[in-house]
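Heads up, the thing below is written out as C-alpha cells.
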Amino acid sequence: MISMSEAEKYNHRIIEKKWQEKWDRDGLYVTKDDSKQQKFYCLIEFPYPSAEGLHVGHPRSYTALDIVARKKRMEGNNVLFPIGFDAFGLPTENYAIKVKKNPADITNDNIGRFRTQLKSLGLSFDWSREVVTTDPEYYKWTQWIFLKLFKAGLVYQSEMPINWCPSCKIGLANEEVVNGKCERCGTEVTKKNLKQWMFKITQYAQRLIDDLDTVDYLEKIKSQQINWIGRSEGAEILFRIKYPELTQNKTKHCLIVHGVSGHRRENWFPWLKNVLQKDGWQVSVPNLPATDHPVVDDWYKALADSFGNVSTIVCHSLGAPAALNLIQKSNNKIDQLIMVAPVNPSQDWGYLKKEFPHADWEAIKKFADLKFNWKKIKQNVKKIVVYYSDDDPYVSPESVDYYKKNIPEASFKLFRGKGHFNERKGITELPELLDDLIPSVKVFTTRPDTIFGATYVVLAPENELVARCLSQVSNQKEVEKYIKESQNKSDLERTDLAKDKTGVELKGIKAINPVSGEEIPVWVADYVLTGYGTGAIMAVPAHDQRDFEFAKRHKLLIKPVIIPSQQTRIIESTGSHVKTKSFAIESIKDAGGEQKNLEYVASKLPYEGYGYLIDSGKFTDIFSLDASKQIIVWLEKEGKGRAEVNYKLRDWIFSRQHYWGEPIPLVHCEKCGVVPVPEKYLPVELPKVKNYEPTETGESPLAGIKDWVNVKCPKCGGPARRETDTMPNWAGSSWYFLRYTDPHNDKEFASRQALKYWTPVDLYNGGMEHTTLHLLYSRFWHKALYDLKLVPTPEPYQKRISHGMVLAEDGKKMSKSLGNVINPDDVVKEYGADTLRMYEMFMGPFAEAIPWDTKGIVGIRRFLDKVYQLGIRGEGIGNRDVDEKIQSLLHKTIKKVTEDINEFRFNTAVSALMILVNELQGEVKVSKNTIEKLLLILSPFAPHLTEELWNNLGNKDSIHLQTWPKFDAKMVKDAEIEFVIQINGKLKDKCLMPADVTEEDVLQYIEQNSKIQKLIADQQVIKKIFVPGKLLNIVVK
RNA sequence: GGGCGAGUGGCGGAACUGGUAUACGCGAUGGACUUAAAAUCCAUUGGUGUUUAUCCACCUUGUGGGUUCGAGUCCCACCUCGCCUACCA
C-alpha cells in the first residue's frame, strides 16, 4: 500500500504554472513555416471576448483540437493551431454605452482576461500569431478585401425595408432575427426603409451547394447548409391580367424592326410575333432579307408605311437606328420603344461590315449614321426600354453608354450572358421582354402540374403590380387600407401561422389562367412573401395547405386536379368510371350520394403529394412529374412561362448603423457617385467619438463627426462624404484563418506562399449555430477571393466538425440570467487544468450536448492522482518488460487511443487510459518503458502532469517533442480468448481457448462438457454455427 | 408544417462491419485504516425469483411487429424528447 506524505502528493498548482512558463520561454508551440514538412492546419472558431470571460463550454472544443494538434505534432506534422479574437460587435458596444467607456478599451481589458484564462488551460496555441479583428492592422485588410469584392461587382446598395430592432436601433440580417425577435435583446423586430449595402451571396448559391461534395463536413452540417440555401426547381409562369383600361379599345399594334441579318438568324421575332398575335396584337414585321443583296431602301420604306398606326416598336441591333430615325422624322406618338442590343451609331461598324459584306451599307448609312434629335424622340415616345447583355460580341456594355447618356430616363436592363440575342428564341431567353408588352403577373411554382387547379392569383402587398393596378380597382380604399395594415405588422404578426390568412380582392381585375384560359380573381394577401420567388403565386387550394385555408376563409373555388393514384377513382366510385368536376367548397357539403367520389377526393384535401392529373385538358391522366415537364415545355412555346430555379437564400445585408465595426471604405461624391477609398489610404480608422449611441435617424454615430465624415473625393477632389455604416462582425471572421498563415505581413493580407502552404484548413471545429451564418458567409467570401485569384483553393475548410454544448447541471443552457454558469477558473484552481481538460473530454460524446456534473470531476482527479503515484514511485519501476499481459494491454491502449483521437471519440480514449492505469496500479513492478509509453499517449490530454513525470524519469527534452508511440499488431492480438457457447443464440457457457481454435476442437470440448450436454440432452440439434475466434451457437428444437 | 438527431442501470455514458448488453466514471452500500472525519484502499452494485452462502433460473436497450442460428445494432409502424428551421409557393 502506498502511503501518501505531503511531498508525494500531486500538486497541480505548482506543476502547471512551472511548465506553462517554461513552454512559453522555450517557444515550444511557435509554428515555423517549414514547407518541407507535412502541414496540418487545425482551427477553432476564435472567441468573442465578452466581459463575462470564458465559460466551461469554451475549453471543451479547444481541448479537443489541442489534443488533435498535439498528437499530429508528435506524429511528425508541422501543425498550425492559432488563436485570435473576434472583437467587434454589439455586446461590447452596448456595454460601452452603459459604462460610458471606449469600446476599444473595454475590448482590450476583455482580451487580456481571456488570454490569461486560455493560457491557464495549457492549450498549445501559437500565441505569436494572435489576430484581433479590431486591430487597424487587421481590419485594414478586411476593408481591402471588401474593396476587391466591391470592384468585382459583388456589392450593391439597395433601399429596402430591413429588419429593425427599435431597442438596439440596428438593422438586422435575416439570420439575426429569431422568431420575429431581435437575436440580442428579444425586442420584436419591425421594418424600416434604409439604404443598405448588400452582398450578392445569391450569385454563389449553386456553387455553395455543389462544392459541398468536395469537402468533408458532418452530414448534418451539409444538409443544414443545403436547406438554408433552399434550392427549389419549378417554373416561372405568366398570368396575363385584364383590367378595364386595357380592355378599352386600345391600339395594340407592334412594329418589329430587326437587325441587318434579318429573319434568317433572328429567329426570336417569329416567336414574338406569334405570342403577340395570340394576345390580340396586330404585328408588322417588314423583313430585311439577309440574302446576298438586301435592298435596304425597300425595307426602310416598308417600315415607314407601317409606322403610321403602331403603338409599340421592338427593334434589335442595327434596327435601332432605323427605328429612331423613323420616330424623329414623324409626328406620330407611340407608347413604347423597346430596343434590344441597340448598336451605337457613332461607333465603327467594321466588325458588322465584315460579317455582312453584301449588305447595302450605303443605304444603311442613310438612316443610321447620323445624329439624332433626342428631344423630339423623347416627345414622341412615352416609354423607352433598352436591353443589353454583358457578353455581346457586337454591342458592348460600354457602347450602351451612348444611349445612357442621351436617354437617361429610359430603363436599362442587363441580361447576363445572353450574347447578341439574334439567335435566341422563346421565353426561356427573353421573358422580361414580354413584361413590357403584355401586362401579366409572374408567379413561381414548384408544381406546374397543378396549374389547372389554379383558381386565383395572390400578390404580396409589396408587389409593384399592386400599386400599378390600384387606380383600376373598384375597391381602392379597401385595398389601400389592407396594404397599410400589413406594412405596419411586425414580422412576428405576419408570420403567425395560427392566425387566419387575411387578404383582399382586387375587384375589377382578372388574371387569365394560361393553360385553361379561365378568368380568375386576383387577391392581395400578406401570406405571400415579397422576398421569395416573384412575390406572387398562383393559388392551388386543392393541393396546397395555405391556399386551401385561404380559399376556405374567403370562399374561393377549390378545384382538385391531382389524385393519389389512378385507381382511386375506380375504388371509390359506386359504379361506373367516375367523372370528376370542379366544385366550390360549399358544394362539397351539399354533395349527394352519387357524388361519393367527389366527397372522397374532398375529404383528402388539400392533397399535396404527387399523383395523376385529372380535369387538366390534354395533360389529364399523366403523372405529376412528367406532367410538370410537359407543361413547362408547352408554356415556353406559348411564351407563357419557363423552367426556373429559386433559392431561399437572400443577399447578405452588410450595413450596420453602429460604431463598433469596421468602417465601410467608400466615399459618396456629389459628382462621381460612390467612390472606393484608394488602397493607400487604408485602413479607414474608426475615429474617437464622445457618444456611441446610434442616432434616432438610424444612422451610425459616425455620421455626427463632421471632420471625419467630410472628405475630398479621391477621384475628382470635390466635396464628398464618407460612408458612415460599418460592417457586421461576420466580416472579420470571414477571412481570419487566412491571416493566421502570415499575421504580420504589412504588404498583403497574407503572402501567396503562406496561403499555398497552409490553406485549406485541414480541420475546423465550431458550433452548429454558425452553420448558416459564419460558415456560409466565409465560404462565400473565400469563393469570391478564389475567383479573383487571391486564394489558391475554392473552399476554405477541408473538414468541419462540431462540438456539443456544455449544459448546466440542471440540463438547461448555461446562462447568466439563470445563474447556473460554471467558471472554468474555479475548476482549474481546485482540481487543475489537466483535470478540467480530461473531464471535458470524458463527459460524453464530443458532438453531443452534455450536462456538467461537478461531482464527476473527482473521478478524473483520482485517475490523475493514480498516474502521478505510478510515475513518481522510484523503487517500483523496473527495467524490463516481463509481463506479457501488461504489454498486451499497453499496446491495445495505444491502438485504442490513437484511433479514438482520429475519430474524435475522446471519451472512450480516456476510459481506455483509465483501464490501463487501473491495471498498472495493481502491479508490484512496472517497467520504465511502460510508464513512458503511458505518459506519451496521455500527454495530449494532460500536458502538464505528463511533462512533470517525464522530466522526473530523467528525460531532458519535453514530452511534447517526442514521437507518438506505435502499437505492435502482434501484441494487440490475444493468444487466448474467451470463447462463447450459445444455445439458440443465448449465452450458456464461456471457456478459454486459443485464438485460432477450430470448430472440431470446440465440438470436442462440448462433448466433454456435462453442462452443455445436459442442456441439449432432450433436444434435437438442428445445426451448429461456428464464428471463428468468437462463438459457437448450437441450434436446437 | 419541414429538416436533423436521440431514447440503454439511480446518473453521465460504453458496445468494432449483426455475435458475451450495461465497459469507464459518478453515486450508493459494506469493510479496512483513523480517537474521529476527510482522503485512500478493498468488496458489492440492471431487475425479478429461489436458495443459509460466492450457486442457479428467467427477464431487460422507448412501444409493437418483422428479418436472422443470433438484433441495442438491420427493416416496418408507432410513442416520447432534443436541436435547427419555418406561410419559401
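Chain A is the first sequence line, chain B the second, and so forth, proteins listed ahead of strands; every chain is numbered from 1.
The C1' atoms of B:rC56 and B:rA43 are separated by 22 Å, rounded to the nearest whole Å. The gap from the C1' atom of B:rG49 to that of B:rG66 amounts to 31 Å, rounded to the nearest Å. The gap from the C1' atom of B:rC4 to that of B:rU40 amounts to 47 Å, rounded to the nearest Å. Distance check on atom P: B:rA15 versus B:rG3 gives 29 Å, rounded to whole Å. Rounded to a whole angstrom, the distance from the P atom of B:rC81 to that of B:rC74 is 23 Å. Of the P atoms belonging to B:rC78 and B:rA23, the separation is 35 Å, rounded to the nearest Å. With P as the reference atom, B:rG18 and B:rU8 are 22 Å apart, rounded to whole Å. With C1' as the reference atom, B:rU17 and B:rU73 are 11 Å apart, rounded to whole Å.
Using a 4.0 Å heavy-atom distance criterion, A:Leu529 is classed as a base contact. Heavy atoms of A:Lys990 sit under 4.0 angstrom from at least one base atom. Within 4.0 Å (heavy atoms only), A:Glu978 reaches at least one base atom of the nucleic acid. Contacts of A:Val540 with the nucleic acid, taken as non-hydrogen atoms under 4.0 Å apart, are absent. A:Thr771 comes within 4.0 angstrom of nothing in the nucleic acid, heavy atoms only.
Where A:Lys220 and A:Gln224 each meet RNA chain B at their nearest nucleotide, the meeting point lying more 5' is that of A:Lys220.
A:Lys648 and A:Asn227 form no side-chain donor-acceptor contact under 3.5 Å, judged by distance and modelled atom types alone.
Taking only side-chain nitrogens and oxygens, A:Ser911 never comes nearer than 4.0 Å to OP1 or OP2 of B:rG13. Remark: A:Lys988 is in phosphate contact with B:rC58, judged by side-chain N or O atoms under 4.0 Å from OP1 or OP2. Listed pair A:Gln921 / B:rC41 meets the phosphate criterion, a side-chain N or O lying under 4.0 Å from OP1 or OP2. The side chain of A:Asn227 places no N or O atom within less than 4.0 Å of a non-bridging phosphate oxygen (OP1 or OP2) of B:rA86. OP1 or OP2 of B:rA14 sits under 4.0 Å from a side-chain N or O of A:Asn907. Taking only side-chain nitrogens and oxygens, A:Lys855 never comes nearer than 4.0 Å to OP1 or OP2 of B:rG27. A:Arg862 has a side-chain polar atom (N or O) that falls below the 4.0 Å cut-off from OP1 or OP2 of B:rU40.
Base orientation of B:rG47: anti, the glycosidic angle falling outside 90° of 0.
Note that the NZ atom of A:Lys892 and the CG atom of A:Leu916 stand 11.5 Å from one another [nearest 0.5 Å].
If you check B:rC24, B:rC41, B:rG19 against the side chain of A:Lys866, the one that comes closest is B:rC41. Of the candidate nucleotides B:rG13, B:rA89, B:rC24, B:rC24 has the atom lying nearest to any side-chain atom of A:Met914. Comparing B:rC26, B:rG19, B:rA14 by their nearest atom to the side chain of A:Pro845 picks out B:rA14.
Under the Watson-Crick and G-U wobble criteria, each requiring two contacts below 3.5 Å, nucleotide B:rU61 is left unpaired. In this structure, B:rU73 makes no Watson-Crick or G-U wobble pair, since no nucleotide meets both defining distances under 3.5 angstrom. Across all strands shown, B:rG7 forms a Watson-Crick or G-U wobble pair with B:rC79, both key distances being under 3.5 Å. Base pairing analysis places B:rA43 opposite B:rU29; the two distances defining the Watson-Crick or G-U wobble pair are each below 3.5 Å. In this structure, B:rA36 makes no Watson-Crick or G-U wobble pair, since no nucleotide meets both defining distances under 3.5 angstrom. With a 3.5 Å ceiling on both atom-pair distances, B:rU54 lacks any Watson-Crick or G-U wobble partner.
One donor-acceptor pair, N or O on each side, does fall under 3.5 Å between the base of B:rC87 and the side chain of A:Lys501.
With respect to the salt-bridge test (charged N to carboxylate O, under 4.0 angstrom), the residues A:Glu899 and A:Lys895 qualify.
Aromatic ring orientation, A:His770 versus A:Trp730: perpendicular (interplanar angle above 60°, classes split at 30° and 60°).
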